[in-house]
Colleague: 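Questions regarding the structure given below will be posed in turn.
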There are 2 protein chains.
Amino acid sequence: MAEPSRLEQLERRVRELEEELARERGRQQAPRPRIENMSPEVTDSNPYSRLMALKRMGIVKDYEKIRTFTVAVVGVGGVGSVTAEMLTRCGIGKLLLFDYDKVELANMNRLFFQPHQAGLSKVQAAEHTLRNINPDVQFEVHNYNITTLDNFEHFMDRISNGALEEGKPVDLVLSCVDNFEARMAINTACNELGQIWMESGVSENAVSGHIQLIKPGESACFACAPPLVVAANIDEKTLKREGVCAASLPTTMGVVAGILVQNVLKYLLNFGTVSYYLGYNAMQDFFPTMSMKPNPQCSDQNCRKQQENYKRKEAAQPKQEIVEQEEEIVHEDNDWGIELVSEISEEELKAASGPVPDLPEGITVAYTIPNKEENLITEETVAESEESLEELMAKMRNM
Amino acid sequence: MAEPSRLEQLERRVRELEEELARERGRQQAPRPRIENMSPEVTDSNPYSRLMALKRMGIVKDYEKIRTFTVAVVGVGGVGSVTAEMLTRCGIGKLLLFDYDKVELANMNRLFFQPHQAGLSKVQAAEHTLRNINPDVQFEVHNYNITTLDNFEHFMDRISNGALEEGKPVDLVLSCVDNFEARMAINTACNELGQIWMESGVSENAVSGHIQLIKPGESACFACAPPLVVAANIDEKTLKREGVCAASLPTTMGVVAGILVQNVLKYLLNFGTVSYYLGYNAMQDFFPTMSMKPNPQCSDQNCRKQQENYKRKEAAQPKQEIVEQEEEIVHEDNDWGIELVSEISEEELKAASGPVPDLPEGITVAYTIPNKEENLITEETVAESEESLEELMAKMRNM
């Protein structure tokens with residue numbers, strides 16, 4: 001008599017546990033159904049209503065176009081993870097994620113990853129979270145270091161062929177890495193492929209950062225100009241080995257990811273003005289902008305080739321189109337296209353930056369420029385003195 | 001014979017399900033153990049190493065002090081939720097959260113909330129996520145609308161007594177609400193209590209935002225100056241009823257939350273310069289700053305009382321301390337303490353803003369100012385003409 005009752009109890013317990021487990025899993029994993037077309041309809045259940053409202057507000061002409069774009073995010077740390085999340089929530093078509101790190105509790109002072117993900121690879125953990133947030137986005141993740149030879153080739157291949165339509169290149173590459181080697185690898189790949197990309201970085205002391213748009217041949221590449229040391233150039237592993245670590249803040253990284261993705265949206269959906277360089281000095285709430293032309297003597301031969309291509313293309317275009325293109329460049333004031341949009345005086349800048357191009361407050365160069373005749377600064381000086389010479393001669397002719 | 005085997009099967013199934021459920025819950029909920037003291041030790045398992053590094057980098061003198069502070073976040077939407085997450089990850093002592101909304105799929109275009117949380121109250125969902133991220137933080141959540149009479153009284157009581165040490169006031173109130181009434185309620189409470197707070201807002205078209213520091217009696221309160229319509233003043237419910245909705249972007253809201261919490265950290269931990277007003281124009285990547293003195297004719301009697309208190313306190317302080325305090329105010333150029341840090345000309349500003357105080361580009365006022373003699377603008381005009389009169393008289397005397 002006792003046994004059937006025990007049996008019943010167990011059967012009931014199994015049912016309860018199964019329900020509980022389904023609820024638990026559902027809460028965590030069951031994604032919403034895919035949405036075929038973005039709708040502007042204002043209902044509580046429409047995840048796109050507030051984005052489609054950008055059309056009615058007159059900000060973006062064709063918001064749905066976001067679904068046709070593919071963006072590669074290299075580095076899924078403090079900046080890259082938030083960048084990927086913002087793009088996912090905006091409904092980007094496809095995301096390629098590259099990273100080889102694991103989630104650690106030491107990352108918990110930045111947004112995105114959660115303690116229970118410690119030990120998982122960053123790309124795996126990110127894909128799980130992002131798929132759950134927006135199942136309309138396609139994900140392709142690569143758990144490797146792009147700077148080794150084999151991986152670099154595979155990285156190049158995926159950048160060239162990994163768009164929504166396999167065989168087509170991605171629309172944009174975003175560098176959210178934390179070391180010099182990885183930035184140079186992305187720079188090399190993008191110069192070879194003529195791939196437009198955006199750089200981002202946060203300083204070791206956690207209180208400044210920047211983003212930079214690089215159009216191979218058109219604007220300065222990472223090798224053209226002395227890299228601006230707003231970015232942390234020290235490998236995290238080295239730092240750890242030496243028993244020190246760089247500081248980081250969720251605030252600075254959130255701001256940098258925010259201005260990065262905002263400029264990605266402006267670039268892809270064609271609204272507002274895309275910044276070529278935007279800095280963030282958190283101590284003073286100062287946000288310098290500037291733009292830089294490529295260096296004709298850049299050490300990267302593919303950058304020099306892209307510069308030739310750009311010049312040819314520009315020369316071949318009818319005049320009207322060139323004017324339109326010129327408008328895209330925010331500030332072009334001198335031979336190097338460097339213009340500072342800030343309230344500090346040129347004297348202050350010169351005093352602060354020394355024998356390098358004028359840089360906004362808080363930005364210093366990673367290394368000094370070799371004193372060759374064909375380098376960046378000498379070029380500018382030569383150009384300036386040539387102008388004065390012509391003026392002088394004109395005056396003399398008039399005498 | 002069949003029955004014991006069935007029993008065994010069921011017992012095994014129950015064990016399996018219990019283990020599975022524990023694993024599932026563990027993955028999702030089991031928080032890391034509490035950490036008694038923040039350590040600068042560089043290990044993968046230390047969630048505070050990158051924050052404690054701010055000391056070694058010379059940015060913050062005493063980072064551990066963060067654990068002694070209590071911050072109230074009013075509004076846990078696109079800005080408030082990210083604000084709360086950043087403070088949680090930074091290891092703030094205690095957070096008070098106020099909101100009365102539920103999570104909806106329509107919120108998924110902003111950071112923080114996830115689709116499985118749809119239907120939960122925002123404060124409940126936020127508390128669950130944040131506790132899991134950092135169990136060292138204390139949470140107190142209130143699922144109500146602060147603008148109704150009873151709730152307003154309770155809100156005032158919690159602001160006054162809800163610090164880590166019960167009976168002491170919170171260190172800072174952050175307004176992350178999306179409507180005028182809630183902002184005015186916070187303003188009224190803080191003026192009455194002399195509570196320092198920060199305002200934040202994002203425009204309806206999603207491409208601009210701002211933060212503002214309000215020290216009752218010392219800087220302009222929300223009622224002192226015409227509210228700057230960078231903030232969306234339209235109630236979401238009203239918008240929905242009319243079948244339209246405001247646009248929003250995770251980028252803009254992430255940037256506003258980032259600059260808000262960055263200024264909270266600067267204020268609490270005493271580093272850098274805290275901005276009195278910082279705007280964000282996403283279309284142009286333009287970040288105007290300014291500061292405003294309170295209006296002696298402010299409609300809020302408690303603001304006027306706080307102004308008197310501040311003047312008395314200022315007068316009673318020895319001169320050196322006053323100088324130190326003055327330094328805190330970033331820009332003080334004219335009678336109203338309004339200074340524009342931007343490259344646009346005064347003429348452009350005047351043309352853009354009409355018969356109101358000079359405002360940075362992209363900022364317009366919510367309502368025009370009544371044409372009374374004692375209002376903000378007239379005061380300024382009178383002060384200006386009095387000066388000219390004196391100069392004129394001085395010249396005449398010299399004739």
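By convention in this document, chain letters (A, B, ...) are assigned in the order of the sequence lines, proteins followed by strands, and residues within each chain are numbered from 1. Side chains are part of it too, since the values below use all heavy atoms of this structure and drop only hydrogens, waters and symmetry mates.
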Colleague: Is the shortest heavy-atom distance from the side chain of B:Met108 to the side chain of A:Asn134 under 4.5 Å?
Modeller: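 The answer is no; the side chains never approach within 4.5 Å.
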Colleague: Given a strict heavy-atom distance threshold of 4.5 Å, which part of A:Leu278 is in contact with chain B: side chain, backbone, both, or neither?
Modeller: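 Answer is side chain: those atoms of A:Leu278 sit under 4.5 Å from chain B.
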Colleague: Apply side-chain contact (heavy atoms from CB on, under 4.5 Å) to the pair B:Tyr280 and A:Val255, showing each step before the final yes or no.
Modeller: CA-CA 11 Å; B:Tyr280 170 40; A:Val255 169; over 6 Å; no
Colleague: What's the shortest heavy-atom distance between A:Asn109 and B:Pro47, and which atoms?
Modeller: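 Looking at all heavy atoms of both residues, the shortest contact is CB-O, 3.8 Å.
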Colleague: Atom OG1 of B:Thr252 and atom CE of A:Met86: how far apart are they, to the nearest 0.5 Å?
Modeller: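 Going from the OG1 atom of B:Thr252 to the CE atom of A:Met86 covers 8.5 Å.
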Colleague: Step by step, would you call B:Gln284 with A:Thr289 a side-chain contact (heavy atoms from CB on, under 4.5 Å)?
Modeller: CA-CA 10 Å; B:Gln284 307 296 329; A:Thr289 60; over 6 Å; no
Colleague: Let me know if B:Asn263 has heavy atoms under 4.5 Å from chain A in its side chain, its backbone, both or neither.
Modeller: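 Contact with chain A is through the side chain of B:Asn263 alone.
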Colleague: If I measure from the heavy atoms of chain B, does A:Val207 come under 4.5 Å with its side chain, its backbone, both, or neither?
Modeller: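 Just its side chain gets close to chain B.
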Colleague: Give, as side chain, backbone, both or neither, the part of A:Tyr48 having an atom under 4.5 angstrom from any heavy atom of chain B.
Modeller: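 When you check distances to chain B, no heavy atom of A:Tyr48 falls under 4.5 Å.
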Colleague: Taking A:Met52, A:Glu18, A:Gln262 one by one, which has the highest count of heavy-atom pairs under 4.5 Å against chain B?
Modeller: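 Of A:Met52, A:Glu18, A:Gln262, A:Gln262 has the most heavy-atom pairs under 4.5 Å with chain B.
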Colleague: Distance from B:Asn205 atom CG to A:Met57 atom CE, nearest 0.5 Å?
Modeller: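 Answer for the CG-CE pair, B:Asn205 versus A:Met57, is 7.0 Å.
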Colleague: Given the options A:Leu111, A:Leu87, A:Leu10, which has more heavy-atom pairs under 4.5 Å with chain B than any of the others?
Modeller: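 Of A:Leu111, A:Leu87, A:Leu10, A:Leu111 has the most heavy-atom pairs under 4.5 Å with chain B.
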Colleague: Between A:Glu16, A:Met253, A:Lys266, A:Glu85, which has the largest tally of heavy atom pairs under 4.5 Å with chain B?
Modeller: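 Looking at each of A:Glu16, A:Met253, A:Lys266, A:Glu85 in turn, A:Lys266 comes out on top.
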Colleague: Heavy-atom pairs under 4.5 Å with chain B: which of A:Gly91, A:Ser45, A:Gly272, A:Ala106 has the most?
Modeller: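 Counting heavy-atom pairs under 4.5 Å, the top option is A:Ala106.
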Colleague: Indicate yes or no: at least one non-hydrogen side-chain atom of A:Arg110 is less than 4.5 angstrom from one of B:Arg50.
Modeller: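 Yes, close enough: below the 4.5 Å cut-off.
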Colleague: Nearest 0.5 Å please: distance from the CG atom of A:Leu17 over to the CZ atom of B:Arg15.
Modeller: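 Between atom CG of A:Leu17 and atom CZ of B:Arg15 there are 12.5 Å.
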Colleague: Looking only at heavy atoms, which two atoms of A:Met283 and B:Phe271 are closest? And how far apart?
Modeller: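 Smallest heavy-atom distance, with atoms named: SD-CD1, 3.6 Å.
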Colleague: Relative to chain B, which of A:Ala118, A:Ala53, A:Gly254 shows the most heavy atom pairs under 4.5 Å?
Modeller: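 Among the listed options, the one with the most contacts to chain B is A:Ala53.
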Colleague: Take A:Asp285 and B:Ser275, measure what side chain to side chain donor-acceptor pair (under 3.5 Å) needs, and give me the verdict at the end.
Modeller: CA-CA 7 Å; A:Asp285 285 335; B:Ser275 290; 2.5 Å; yes
Colleague: Under 4.5 Å from any heavy atom of chain A, what part of B:Glu41 do you find: side chain, backbone, both or neither?
Modeller: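 B:Glu41 has no heavy atom closer than 4.5 Å to chain A.
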Colleague: Hey, could you give me the CD/CD1 distance between A:Glu204 and B:Ile59, rounded to the nearest 0.5 Å?
Modeller: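 The CD1 atom of B:Ile59 is 11.0 Å from CD of A:Glu204, to the nearest 0.5 Å.
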Colleague: Do you know the tightest heavy-atom contact between A:Val14 and B:Val14?
Modeller: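 What the structure gives for the nearest pair is CG2-CG2, 3.5 Å.
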Colleague: Mind ranking B:Thr43, B:Val261, B:Leu54 by heavy-atom pairs under 4.5 Å with chain A and telling me who comes out on top?
Modeller: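 Highest number of heavy-atom pairs under 4.5 Å: B:Leu54.
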Colleague: Check whether any side-chain heavy atom of A:Val264 sits under 4.5 Å from a side-chain heavy atom of B:Thr251, and report yes or no.
Modeller: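 Of all side-chain heavy-atom pairs linking B:Thr251 with A:Val264, none is under 4.5 Å.
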Colleague: Between B:Asn46 and chain A, with a heavy-atom cut-off of 4.5 Å, which part of the residue counts as in contact: side chain, backbone, both or neither?
Modeller: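 Backbone only.
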Colleague: With respect to chain B, which residue among A:Ser248, A:Gly58, A:Gly258 yields the maximal number of heavy-atom pairs within a distance under 4.5 Å?
Modeller: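 If we count pairs closer than 4.5 Å to chain B, A:Ser248 comes out on top.
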Colleague: Can you establish whether the number of heavy atoms outside B:Lys55 located under 6.0 Å from its atom NZ is more than 12?
Modeller: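 Atom NZ in B:Lys55 is crowded, with more than 12 foreign heavy atoms closer than 6.0 Å.
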